[in-house]
Amino acid sequence: MSVDLSVNIGSLKLKNPILLASGTVGYGNEISEFVDLSKIGGIVTKSISLKPRKGNPPQRIVETSSGMLNAIGLANVGLELFIKEKIPFLKNLGSTLICNIAASSIEEYVECVDILDKEETIKAFEINVSCPNVKEGGLIFGNDVKAVAKITEKVRGKTSKPIIIKLSPNNSNIVDYAKIAKQEGADAVSAINTLVGTSFDIYSKKPKIKNITGGLSGPAIKPVALAKVLEISKEVDIPIIGIGGIMNWKDAVEFMIVGASAFQIGTANFINPKASMEILDGIKKYCQENTISKISDIIRTRKI
Amino acid sequence: MSVDLSVNIGSLKLKNPILLASGTVGYGNEISEFVDLSKIGGIVTKSISLKPRKGNPPQRIVETSSGMLNAIGLANVGLELFIKEKIPFLKNLGSTLICNIAASSIEEYVECVDILDKEETIKAFEINVSCPNVKEGGLIFGNDVKAVAKITEKVRGKTSKPIIIKLSPNNSNIVDYAKIAKQEGADAVSAINTLVGTSFDIYSKKPKIKNITGGLSGPAIKPVALAKVLEISKEVDIPIIGIGGIMNWKDAVEFMIVGASAFQIGTANFINPKASMEILDGIKKYCQENTISKISDIIRTRKI
Amino acid sequence: MLIKDVFVQSNQKIAENTFLLKVNAEEYIPYVKPGQFFNIKVNNNSYPLLRRPFSISDVEGDSILFMYKVVGEGTRILANKVVGDQINILGPLGNQFSINESSNHVILIGGGIGIAPFPYLIKQLPNSVKYSVLFGVRTEKEVHSYGLKNILYSSDDGTVGIKGNTIELLDIHLKQIAEKDVKIFACGPNPMLKALQEYTNNKNIECEVSMESAMACGFGICQGCPIENKDNNYKLICKDGPVFNIRDIMI
Amino acid sequence: MLIKDVFVQSNQKIAENTFLLKVNAEEYIPYVKPGQFFNIKVNNNSYPLLRRPFSISDVEGDSILFMYKVVGEGTRILANKVVGDQINILGPLGNQFSINESSNHVILIGGGIGIAPFPYLIKQLPNSVKYSVLFGVRTEKEVHSYGLKNILYSSDDGTVGIKGNTIELLDIHLKQIAEKDVKIFACGPNPMLKALQEYTNNKNIECEVSMESAMACGFGICQGCPIENKDNNYKLICKDGPVFNIRDIMI
Ligand SMILES: Cc1cc2nc3c(=O)[nH]c(=O)nc-3n(C[C@H](O)[C@H](O)[C@H](O)COP(=O)(O)OP(=O)(O)OC[C@H]3O[C@@H](n4cnc5c(N)ncnc54)[C@H](O)[C@@H]3O)c2cc1C
Ligand SMILES: Cc1cc2nc3c(=O)[nH]c(=O)nc-3n(C[C@H](O)[C@H](O)[C@H](O)COP(=O)(O)OP(=O)(O)OC[C@H]3O[C@@H](n4cnc5c(N)ncnc54)[C@H](O)[C@@H]3O)c2cc1C
Ligand SMILES: Cc1cc2nc3c(=O)[nH]c(=O)nc-3n(C[C@H](O)[C@H](O)[C@H](O)COP(=O)(O)O)c2cc1C
Ligand SMILES: Cc1cc2nc3c(=O)[nH]c(=O)nc-3n(C[C@H](O)[C@H](O)[C@H](O)COP(=O)(O)O)c2cc1C
Ligand code: FES
Ligand code: FES
């Protein structure tokens, strides 16, 4: 049985619902040794800022129970190098490119989108308003409904490409952010970014991560991510990209049933760089075995 | 070397910083087969409400990666039976009793405290404003600063026993809640209650928990709990009782170093009912090996 | 109730996906009763986090035997245990099947792995009591006869015994034995027990069932395993059960 | 870079808490270079979640050997592997020690388990090159000589070799051999490498070091393993290293 795996995120048509999450595959160079990037739905680039960012000093990561904390600090090559070197590479591979942008001011978001909008290879923007690991440009926006409204509105003014607002789970009202994003013209929201967490060494009494706190990702957060997707899906009529702890095709299908139109693979890439290809096989088989001819038919089929 | 394990939570003096968390040991009857309740710091009872509560229909729990979701729905025997049967039992065992109260209105909180204040065996109240699993009486308060202020103020008016406000992690500003609790006269805060999460069956497409969402507990949430304790400890001068994913003495010590004056063992009781006794041994040894004569000396000794 | 590390003495496959695990558990032996269960930690780390409940399937000398079916991560780990491995068991937990001499004929109905508690129950039946075992499976591969006698089978695909379910088998069997004073003990999937409830209520037959539920603690502290009784109150399967009179509960 | 399940061929204790793991890894053999490492999944579940990085310690026929010290959960699991068990390895990763014929004398300095990469490096040294191994341990129990020759020891407690650290040992040794054209390869705890950096900078000796860092991916996608270079930029230990010229980095 042939299965139609394509899904739509607003006007963005994806071959299949599998995206590689921002910050977990760089700009595709290394992961392309394991994954045929032309075969999966798309790649979301590491958050790009106007100028290159060095990122946080080490130690940047630490393992936790079924999870990991990271405080990379949005280390990235900056807009210029991204355009010159990274975009052509991804274009050659034939992958669908979603560009994730992080900034320390509303103006910087706007300027980035303005410049990048010309790049044909970029098929959509994911606006990161939810990075917990930098003072400016992250959670400071993600936990402020008005800031998210403003950013969405301004960015919308600069591009007609699909805009995805990446939401923070570190608040009690993710629905308000999704609503405002929709209202200000976003095409979709992605949920979730990492949860704020920390870990200390009981002998040195120092935080294991130099930045003190980091963002928690991995299977540990899957129940929280699913609950956030469910919450948004119940209250707001906007496509949702589900993220958080997806390790295999079953997790992915769970997100779609709960309400996600597509999903992103993050931490799993570190442990099994082929995870996205295996998930592609897995969801295809799931559809075949359950005689689902279009995967988009399972979106939001939850029974509650 | 003899170690002084006692700690103070406001005017509440505990033999040691080990408390059994509300909802994870009922009223002590069963766990007393494994734990000498007179030896540990104290027991926090299952949330009590004015009238008995039947709780949510099954399925109430489900396992997740390094965690579990529960939606018990504050099933409890109600105030009357609690006073008649449960208190005498705990009194006989010589355990320090902290009574956790949940209610669906501010008036109910006040009435409960008013009635229970007369019970000499109760050494402190923990006010649960953060249960994610009931419509009224839980998160509806826990994520509303004004409600928490009001509850604390009113309850304060009814008792001179220590009041501990149990905080929700499901918001972006736990510090505001801790501040208001302190301001309105609370003696301490406990952090954290469970994180909202969910889990679905991909074949039946139904939520695995009848209540749809549940509260996530266990090692998966430890990094989040620690970050919340750290946040409060940095901003508010109030004793903190750390809770979340403590499985062994190392986890417990980590919480104290980060900022907790005492800690509660929750999910660990289900897996190893003797966990609290083992933690008692563990922290004693840790103090001895590191020549710490008073465990209270390690509270908030984080180096950041 | 005791928590102890015990050693695996054997762990044998007895049917498709079905294993028999034998552990040395001397200290428990005086206390274990048919129908009770243990909550078992299959690993010594947090993956999976929770214990897994398993009925006492049999007792042999100083050893307890568990019969289990591999269905997920926990039972898969259990199936990989070899002689000498340690597991941590908490129990015995719950109540027991109430055996008495008054019944003329006892019928044990096991749906799939629901057969697990019966070898030990059979051992404890008074000699005077006649019994038969009705063993319902999906297909022949699931069949074994560990600790069982007088077995009648039903299977979904007809590969063994009658083609049909255990209730149909029971109906035929009751006619065959033509006994008046029958008592049924049953364990199996909820749909089977539900059908059994209707059947035994209609025919007014004594019946006790062992119920299942997701469990965190297994001994009454988490409130995770409620079952509604006929008065619309919740009982705990782990503490008030797992064995209930079929008349007393809502299945 | 390949991901493969490989079989454990042996897993032997060679010193206190120190093991040698041999796996069949035919397909990797043509590509592995001394100084490179593999990122190893020690289990097939999420506990622990991440892979663990280990240097290639030796190559024997179609097999790769890893020398490791048990320090935590992951290495404890590894130490329990028996012949025939599967593990999943990702590699080879990182750059390599740069060997050339020009040096008269190569000195390999290993602090504790930092000795791990040297057996394979020694095999790849041109025959013309003389070498010595300086092996620093805390105490005699940590000593072994797997794949090593010309070993000089230092120990913290004086139970083997000189009582002192590897830098003191190096200082003595350099005087003894009185060679001009020396090149050092070193691996060990950061404080040792920091002291070595000062020493080799002062004496202007060529030195390459293999660095460690917590790692999530091991191949450049997580940005979790930065090390500052002398221009105050971050390099990735997993991709730009783990081997660095000691002059180029801030330790
Ligand atoms: C009182 C009692 C006695 C039991 N006796 C036996 C027995 O003798 N032999 C046997 O094979 N099985 C028995 N079961 C069922 C057994 O506990 C489950 O099959 C087992 O927990 C599955 O674990 P898993 O990790 O392999 O499956 P998973 O599906 O991976 O488990 C996920 C979670 O669901 C729970 N779970 C899954 N299936 C069940 C179930 N049927 N009942 C309760 N919880 C479940 C697990 O405990 C775990 O928390 C009994 C259950 C109960 C409550
Ligand atoms: C490039 C490289 C090569 C290495 N080669 C070897 C080798 O050949 N032999 C050997 O014994 N060890 C080697 N190590 C160190 C080895 O990776 C750690 O000892 C191991 O990861 C510890 O895992 P654990 O689960 O036992 O310890 P835990 O302390 O439980 O691990 C917790 C976390 O910290 C990380 N971690 C702990 N110690 C280290 C460390 N020293 N370096 C990096 N991450 C660490 C773990 O990977 C894990 O993510 C190497 C490290 C690197 C980076
Ligand atoms: C090491 C690391 C770096 C990340 N960097 C970014 C980033 O630059 N921008 C962003 O929007 N999200 C970033 N994330 C968050 C992920 O995209 C994803 O939202 C999160 O990890 C949850 O998914 P997971 O559990 O599948 O990893 C990062 C996550 C990790 C683990
Ligand atoms: C089954 C279960 C029931 C709980 N019931 C209550 C409750 O009645 N009142 C309350 O304040 N907290 C309740 N909690 C929350 C715990 O007290 C604790 O805050 C939480 O589980 C986190 O700690 P842990 O990770 O150690 O379990 C419950 C938790 C669990 C797992
Ligand atoms: S399983 Fe915990 S109360 Fe029954
Ligand atoms: S470990 Fe991931 S980039 Fe180096």
Side-chain angles (χ1 to χ4, degrees), chain A residues 62 64-69 132 139 142-144 168-173 195-207 212-216 218-231 234 245 247 249-258 286 290 298 301-304, chain B residues 62 64-69 132 139 142-144 168-173 195-207 212-216 218-231 234 245 247 249-258 286 290 298 301-304:
Chain A
V62 67
T64 67
S65 254
S66 296
M68 63 176 279
L69 291 167
L139 263 188
N143 288 332
D144 174 349
S168 166
N170 298 290
N171 54 48
S172 53
N173 55 338
L195 284 158
V196 177
T198 192
S199 175
F200 275 67
D201 183 302
I202 61 168
Y203 298 104
S204 72
K205 301 186 177 175
K206 288 187 190 157
I212 304 172
T213 59
L216 184 63
I221 70 167
K222 197 187 82 170
V224 176
L226 276 170
K228 297 286 184 185
V229 169
L230 177 62
E231 213 184 324
K234 275 176 165 175
M247 301 303 280
W249 69 265
K250 286 186 186 176
D251 296 334
V253 166
E254 195 178 352
F255 270 88
M256 293 188 74
I257 288 171
V258 167
Y286 169 83
N290 296 280
I298 72 164
T301 49
R302 61 175 188 253
K303 294 190 183 138
I304 53 178
Chain B
V62 68
T64 67
S65 251
S66 295
M68 62 176 279
L69 291 167
L139 264 187
N143 288 332
D144 174 348
S168 166
N170 298 291
N171 54 48
S172 53
N173 56 339
L195 284 158
V196 177
T198 193
S199 174
F200 275 68
D201 184 301
I202 61 168
Y203 298 104
S204 73
K205 301 189 176 171
K206 287 187 191 158
I212 304 173
T213 60
L216 184 63
I221 71 168
K222 196 186 81 169
V224 175
L226 276 171
K228 297 286 183 185
V229 169
L230 177 62
E231 212 183 325
K234 275 177 164 173
M247 301 303 282
W249 69 266
K250 286 187 185 175
D251 296 334
V253 167
E254 195 178 352
F255 269 88
M256 293 189 76
I257 288 171
V258 167
Y286 169 83
N290 296 280
I298 73 165
T301 50
R302 61 175 189 252
K303 295 190 182 138
I304 54 177

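The sequence lines fix the lettering, A, B, ..., with proteins before strands; numbering per chain opens at 1.
Considering only heavy atoms from C-beta on, B/Ser199 comes within 4.5 Å of A/Glu254 through its side chain. Within the 4.5 Å cutoff, no side-chain heavy atoms of A/Ile202 are placed close to those of B/Phe255.
Contacts of A/Val258 with chain B are made by side-chain atoms alone, with heavy-atom separations under 4.5 Å and no backbone atom involved. Looking at A/Ile257, the atoms closer than 4.5 Å to chain B (heavy atoms on both sides) all sit in the side chain, from C-beta outward. Using a 4.5 Å cut-off between heavy atoms, B/Leu226 contacts chain A through both its backbone and its side chain. Interface remark: A/Thr64 contributes side-chain atoms only to the contact with chain B (heavy atom separation under 4.5 Å).
Annotation: the span from B/Ser65 atom OG to A/Asp251 atom CG amounts to 8.0 Å, rounded to 0.5 Å. A/Lys222 NZ to B/Thr198 OG1: the interatomic distance, rounded to the nearest 0.5 Å, is 10.0 Å. The OG atom of A/Ser172 sits 9.5 Å away from atom CG of B/Asp144, with the distance rounded to the nearest 0.5 Å. Interatomic distance, A/Thr213 OG1 to B/Glu231 CD, rounded to the nearest 0.5 Å: 8.5 Å. Between atom CG of residue B/Asn171 and atom CG of residue A/Asn173 there is a gap of 9.5 Å, rounded to the nearest 0.5 Å.
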Notebook entry, point to check: Taking it one step at a time, do B/Leu230 and A/Ile212 satisfy side chain to side chain contact (heavy atoms under 4.5 Å, CB included)?
Noted result: CA-CA 10 Å; B/Leu230 177 62; A/Ile212 304 172; 3.5 Å; yes

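Considering every non-hydrogen atom in both A/Pro207 and B/Lys303, the closest pair reads CD-O, 3.3 Å. Scanning all heavy atoms of the two residues, the minimum distance from A/Ala220 to B/Leu216 falls at O-CD2, 3.8 Å.
Note: A/Lys250 leads A/Met247, A/Lys228, A/Lys250 in heavy-atom pairs under 4.5 Å with chain B.
Counting heavy atoms of neighbouring residues, nucleotides and ligands inside a 6.0 Å radius, atom NZ of A/Lys206 does not exceed 12 of them.
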